[in-house]
Amino acid sequence: MMPQMKGPGPIVDLVDFYHRWPTLKGSMQALANDPQLCPEEQETLNWLILLADRVGPADLRD
């Protein structure tokens with residue numbers, strides 16, 4: 001299987017997301033601190049950030 005290309009455009013799969021996560025994380029953290037989100041939404045987004053941080057290469061294998 002050919003590796004997915006990283007770069008602009010829609011995220012195509014989990015592997016693509018994993019490779020882009022380091023550049024996406026900062027904007028997700030900023031969004032989690034947006035006062036327009038209710039506290040429950042902020043908490044959920046913070047948990048999703050923690051979850052994404054735990055994904056590693058071993059998790060991407062079929």
Side-chain angles (χ1 to χ4, degrees):
M1 178 185 340
M2 297 285 292
Q4 295 292 327
M5 297 299 294
K6 296 183 276 182
I11 296 169
V12 297
D13 59 18
L14 181 60
V15 174
D16 188 24
F17 180 86
Y18 172 77
H19 287 293
R20 294 189 198 199
W21 179 242
T23 58
L24 296 171
K25 183 177 177 179
S27 58
M28 293 301 101
Q29 289 172 318
L31 181 59
N33 293 319
D34 187 332
Q36 291 183 342
L37 294 179
C38 71
E40 292 82 10
E41 292 168 325
Q42 290 175 324
E43 181 180 14
T44 299
L45 190 47
N46 279 314
W47 276 110
L48 289 170
I49 291 166
L50 290 171
L51 180 63
D53 282 343
R54 293 188 57 114
V55 174
D59 300 311
L60 304 177
R61 289 184 271 160
D62 289 332

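Start at 1 with the first residue, then count along the sequence.
- In the hydrophobic cluster analysis, where Ile, Leu, Val, Met, Phe, Trp and Tyr join through side-chain heavy atoms closer than 4.5 angstrom, V55 is grouped together with V15.
- Residues A32 and L37 come closest through the heavy atom pair CA-CD1, 4.3 Å.
- Applying the salt bridge (charged side-chain N to carboxylate O under 4.0 Å, His left out) test to pairs two or more places apart or on separate chains, those with a residue in residues 23-41 are K25-D53.
- Following chains of ILVMFWY side-chain contacts shorter than 4.5 Å, one cannot reach L24 starting from L48, and the two form parts of different hydrophobic clusters.
- In this structure, T23 OG1 and M28 CE are separated by 10.0 Å, a value rounded to the nearest 0.5 Å.
- Using modelled atom types, no side-chain atom of D16 and backbone atom of D13 make a donor-acceptor pair closer than 3.5 Å.
- In this structure, the separation between CG on L51 and CG on L45 is 11.5 Å, given to the nearest 0.5 Å.
- Hydrophobic clustering keeps Y18 apart from W21 (ILVMFWY residues linked when any side-chain heavy atoms are closer than 4.5 Å, directly or through intermediates).
- Residues that satisfy the side-chain hydrogen bond (donor to acceptor under 3.5 Å, both in side chains) test with W47, not counting sequence neighbours, are absent from this structure.
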